[in-house]
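Accompanying notes for the structure given below.
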Amino acid sequence: MKKFKKFGSISLLASGTFAFLSPDFVNAEEYKSGVYGAINIGTGKFSDVTQPGAETIEFDTGFSYEGSLGYDFGKRFRVDVSYSNTTSSATLGGVDIDAKFGSIMLNGYLDFPIENTKWEPFIGVGIGTTNGDMEESCVAAADTDCKDDVFTYGISGGVNYALNPDVDITTKITYLGFDDFEITNVGVPVTITETETLSAYVGMKFKF
């Protein structure tokens, strides 16, 4: 419930603030509506996990990617459905382990094209679900289940640079906040609370 309240506050805040190099390039403010797709790659990090009565597990930055398909309503507002996956590693008991987080999100974006330039800053919010795979941190057994699907909210911001009217280069930072993960390690239930990933991407957006 705490996650839902936090997402609601962030959504209100975001809403309130809101062939290459062609010579016949259309200015950024002259927008057309239509379908678009994007592919991004970059790095991401899972938050450190504090275990009651045990040492904190510190995660490192790892590989992250994202793909999305959406619809641009013209100049200011667009929506898309995205899938992202972030792998973050840590050392647990002297052993290197990976945790993986695959997120399906419904996102809404506000674009702010800068007049007479090719630059377009944007901000976005989203909701969805994440599958957390922490099996490498658990002991393999019949009563072990170290995967969980949890509610997820997201905030992102970045900038597009138009190579031509149909192709943009995109840079973006995305924060994903997760509800509590409930896993079972050799029959022992474990709750992992107050976790998130932070990812930085660079990629391309294609307008169809």
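All residue numbers in this chain count up from 1 along the given sequence.
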Is a side-chain donor or acceptor of [X] paired with a backbone partner of [Y] at a separation under 3.5 angstrom?
X      : Y      : answer
Ser199 : Thr174 : no
Thr87  : Lys100 : no
Asp80  : Gly37  : no
Asp148 : Glu182 : yes

Work out which heavy atom in [X] is nearest to a heavy atom in [Y]; give both atom names and the distance.
X      : Y      : answer
Asn164 : Val167 : OD1-N, 3.0 Å
Glu196 : Gly177 : CB-CA, 4.0 Å
Cys138 : Asn185 : CB-OD1, 3.4 Å
Ser88  : Phe59  : OG-CB, 3.5 Å
Gly203 : Asn40  : CA-OD1, 3.3 Å
Gly42  : Phe63  : O-CD1, 3.6 Å

Please say yes or no: joined through hydrophobic side-chain contacts below 4.5 Å, possibly via intermediate residues, are [X] and [Y] part of one cluster?
X      : Y      : answer
Val95  : Ile57  : yes
Ile183 : Val139 : no
Ile155 : Ile127 : yes
Leu92  : Phe101 : yes
Val81  : Phe208 : no

Can you confirm whether the side chains of Ser33 and Asp72 place a donor and an acceptor under 3.5 Å from each other?
no
* To do: Using only heavy-atom distances, determine whether the side chains of Ser64 and Thr86 contain a donor-acceptor pair under 3.5 Å.
  => yes
Give, for atom [atom1] of [X] and atom [atom2] of [Y], the distance between the pair rounded to the nearest 0.5 Å.
X      : Y      : atom1 : atom2 : value
Asp179 : Thr195 : CG    : OG1   : 8.5 Å
Met105 : Ser156 : CE    : OG    : 9.0 Å
Thr43  : Ile41  : OG1   : CD1   : 10.5 Å
Thr129 : Leu106 : OG1   : CG    : 13.0 Å
Tyr201 : Ile173 : OH    : CD1   : 11.5 Å
Phe206 : Ile39  : CZ    : CD1   : 6.0 Å

Mind checking whether [X] and [Y] have side chains closer than 4.5 Å, heavy atoms only?
X      : Y      : result
Lys45  : Leu198 : no
Ser137 : Ile97  : yes
Leu176 : Ser84  : yes
Phe178 : Ser47  : no
Ile123 : Phe112 : yes
Asn107 : Val125 : no

Which of Leu163, Asn160, Thr170 passes side-chain contact (heavy atoms from CB on, under 4.5 Å) with Met204? Answer is Leu163
Can you tell whether the side chains of Lys118 and Asp168 come within less than 4.0 Å, N to carboxylate O?
no
Between Tyr71 and Phe73, is the ring centroid distance below 6.0 Å? yes
side-chain hydrogen bond (donor to acceptor under 3.5 Å, both in side chains) test vs Thr130 passes for just one of Asp149, Thr152, Thr197, Asn85, namely Thr152
Q. Where does the angle between the aromatic ring planes of Phe46 and Phe181 fall among parallel (under 30°), tilted (30 to 60°) and perpendicular (over 60°)?
A. perpendicular
| said: Walk me through whether Thr193 and Asp180 qualify under side-chain hydrogen bond (donor to acceptor under 3.5 Å, both in side chains). | reply: CA-CA 5 Å; Thr193 63; Asp180 296 349; 5.0 Å; no
(message) Pair Val186, Asp143 - check side-chain contact (heavy atoms from CB on, under 4.5 Å), show working.
(response) CA-CA 5 Å; Val186 197; Asp143 53 356; 4.0 Å; yes
